[in-house]
Amino acid sequence: MPADRTSSVGADDRGGADAAPVLVERDGGVLVVTLNRPDKLNSFNEAMHAGLRKALDAAESDPDIRCLLITGAGRGFCAGQDLGDRVTAPGDAPPDLTRTIEANYNPLLRRLKALPKPVVCAVNGVAAGAGANIALACDIVLAAHSAKFIQAFSKIGLVPDSGGTWSLPRLVGLARAKALAMLATPVPAEQAESWGMIWKAVPDAELMAEARRLAGELAAAPTFGLGLVKQALEASSENDLDTQLDLERDFQGLAGRSPDYAEGVSAFMGKRAPSFTGRPPAGSTSGDDA
Ligand code: T3D
């Protein structure tokens, strides 16, 4: 896809009810992905999942995409599953949620976590249900002051999914996680920041400019090294210190063979700005080689 242009994924591009459920734009090294079902608060249907899968394919395969930025169109970020697709008539079998989680939400979460590039989320409005937990799965989360995070699941008899039962206790502690999951209490953006759920709450009018600036900065950074940082920090919640020290040793060995490390040292010693390519060391693709 050429740089600096918008395209749409997942449906046709006629606007209104038939508008593409996911918009994709290249902004230099940043892939900006906008969830685009604003009249349903960007809740997920099958087409939006498909559009997001396609955007992730591009983010994974194109080495010139060095940061992913996810946001939502309109006044909401994402209200989770489109419940209009889950309505059943009396006597019908209930929907098979095991299948939909396995087919759609779990692969999405795994891919966001495994992507060896930074993922920035700009939460422009309410993030509810799976929408909240997808936002919280991103690496750096900015939220507009008017945004809020709601574990809406308990209101309809469901369990937090999209990694919520894993990420919430790690982000805010078990006491808050249980209350948020059982009561579905909205957490406003500034409270989310003060609790450590997200990186930063910013004024609404500044959200997208700040998110693009941040994503641009990350896209110019040593991408291969950032991928290792992400992998090491994600692994830390499962590892003991000895295992984590070994991982740091191996990752540092790998990062030390990357062209960006040589460039970083050379630029520092030459008192000039570095120019990073983001590429892995010759013969290596990811931290799995460590
Ligand atoms: O099913 C599976 O595959 C399993 C996986 C499940 C994952 C999940 O995410 S389960 C949780 C699903 N989400 C929810 O339960 C949230 C439902 N929405 C809300 O509670 C509220 O809409 C919000 C708190 C998010 C926002 O409230 P508010 O007052 O700002 O807006 P609103 O008026 O409720 O919504 C605006 C419109 O969006 C409205 O449509 P209308 O009346 O203007 O035509 C509303 O129906 C629609 N909308 C909002 N959320 C959803 C939705 N339509 C379908 N599905 C939604 N989730």
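One finds a salt bridge joining Asp62 and Arg26 here, because a Lys/Arg side-chain nitrogen approaches an Asp/Glu carboxylate oxygen to under 4.0 Å. Salt bridge Glu190/Lys148: absent, no basic N to carboxylate O contact under 4.0 Å. Using a cutoff of 4.0 Å between basic side-chain nitrogens and carboxylate oxygens, Asp260 and Arg279 are not scored as salt-bridged.
Listed by chain and residue number, Trp166, Ser237, Glu238 satisfy the side-chain contact (heavy atoms from CB on, under 4.5 Å) test with Arg170 (two or more places apart in sequence, or in another chain). Scored by the side-chain hydrogen bond (donor to acceptor under 3.5 Å, both in side chains) test, Asp246 finds Arg249 as partners (sequence neighbours excluded). When the side-chain hydrogen bond (donor to acceptor under 3.5 Å, both in side chains) test is applied to Glu210, the partners found at least two apart in sequence or on another chain are Arg213. Under the salt bridge (Lys or Arg N to Asp or Glu O under 4.0 Å) criterion, Asp57 pairs with Arg111, sequence neighbours left out. Under the rule for a side-chain hydrogen bond (donor to acceptor under 3.5 Å, both in side chains), the partners of Lys230 that lie at least two apart in sequence or sit in another chain are Asp139. In this view, Glu263 and Arg272 satisfy the side-chain hydrogen bond (donor to acceptor under 3.5 Å, both in side chains) rule, not counting sequence neighbours. The salt bridge (Lys or Arg N to Asp or Glu O under 4.0 Å) check on Lys113 picks up Glu234, with sequence neighbours excluded.
By the neighbour-count criterion of 12 heavy atoms within 6.0 Å, atom CD of Gln252 is sparsely surrounded, having that number or fewer from other residues, nucleotides or ligands.
In this model, a donor atom of one side chain and an acceptor atom of the other lie less than 3.5 Å apart for Asn133 and Gln151. With no hydrogens or angles considered, no side-chain donor-acceptor pair links Asn124 and Arg75 at under 3.5 Å.
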Residue pair Val22, Thr34: steps toward the side-chain contact (heavy atoms from CB on, under 4.5 Å) verdict:
CA-CA 6 Å; Val22 174; Thr34 304; over 6 Å; no

side-chain hydrogen bond (donor to acceptor under 3.5 Å, both in side chains) evaluation trace for Thr243 with Asp240
CA-CA 5 Å; Thr243 309; Asp240 61 23; 2.6 Å; yes

Using side-chain contact (heavy atoms from CB on, under 4.5 Å), reason through Leu108 and Arg53 one step at a time and then give a plain yes or no.
CA-CA 7 Å; Leu108 169 59; Arg53 277 196 292 274; over 6 Å; no

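Among all heavy-atom pairs drawn from Pro169 and Gly164, the shortest one is CD-O, 3.8 Å. Of all heavy-atom pairs between Val123 and Ala135, the closest is CG2-CB, 3.9 Å. Shortest non-hydrogen contact noted between Phe224 and Ser258 is CD2-CB, 4.0 Å. The two residues Ala73 and Pro38 come nearest to each other via the heavy atoms O-CB, 3.7 Å. In terms of heavy atoms, Gly256 sits closest to Tyr261 at O-CD2, 3.3 Å. Phe77 approaches Ala122 most closely through the heavy-atom pair CD1-O, 3.9 Å.
Side-chain contact between Phe149 and Ile198 is present, with heavy atoms from C-beta onward closer than 4.5 Å. Under the 4.5 Å side-chain criterion, counting only non-hydrogen atoms from C-beta, Pro281 is in contact with Leu254.
Trp199 forms part of a hydrophobic cluster together with Val30, Val32, Leu69, Val120, Ile140, Leu142, Val202, Leu207, Met208, Leu214, Leu218, Leu226, judged by ILVMFWY side-chain heavy-atom separations under 4.5 Å. Hydrophobic cluster membership for Leu158: Leu83, Leu97, Phe153, Ile156 (Ile, Leu, Val, Met, Phe, Trp, Tyr linked by side-chain heavy atoms under 4.5 Å, directly or transitively).
Side chain of Asn104 to backbone of Ile101: no donor-acceptor contact under 3.5 angstrom is found. A side-chain donor-acceptor contact under 3.5 Å links Arg66 to the backbone of Ala221. Arg37 contributes no side-chain N or O that, together with a main-chain N or O of Pro21, makes up a donor-acceptor pair within less than 3.5 Å. The main-chain N or O of Arg212 is never found under 3.5 Å from a side-chain atom of Asp27 such that the two would form a donor-acceptor pair. Under a 3.5 Å cut-off, the side chain of Asn36 and the backbone N or O of Leu23 do not form any donor-acceptor pair. Side-chain atoms of Asp204 come within 3.5 Å of backbone atoms of His145 as a donor-acceptor pair (strictly under, hydrogens ignored).
Residue Ile134 is grouped with residue Leu115 when hydrophobic side chains (ILVMFWY) are merged at heavy-atom distances under 4.5 angstrom, including chains of intermediate members. The hydrophobic clustering, which links ILVMFWY residues whose side-chain heavy atoms are closer than 4.5 Å, places Ile70 and Ile150 apart. Hydrophobic clustering (side-chain heavy atoms under 4.5 Å, transitive across Ile, Leu, Val, Met, Phe, Trp, Tyr) groups Val141 together with Val172.
Applying the ring pair (Phe, Tyr, Trp, His ring centres under 6.0 Å) test to every pair with at least one member in residues 78-104, sequence neighbours left out, gives no pairs at all. Screening residues 86-131 for ring pair (Phe, Tyr, Trp, His ring centres under 6.0 Å), with sequence neighbours left out, gives Phe44-Tyr105, His49-Tyr105.
Note that the OG1 atom of Thr100 and the CD atom of Gln81 stand 6.5 Å from one another [nearest 0.5 Å]. Here the OG-CG distance, from Ser43 to Asp85, works out to 8.0 Å after rounding to the nearest 0.5 Å. Atom CG of Asn42 sits about 11.0 Å away from atom CG of Asp82, to the nearest 0.5 Å. The CG atom of Leu68 sits 7.0 Å away from atom CG of Leu112, with the distance rounded to the nearest 0.5 Å.
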Please list every donor-acceptor pair under 3.5 Å in which a side-chain atom of residues 174-188 meets a protein atom from a residue at least two apart or in another chain.
none

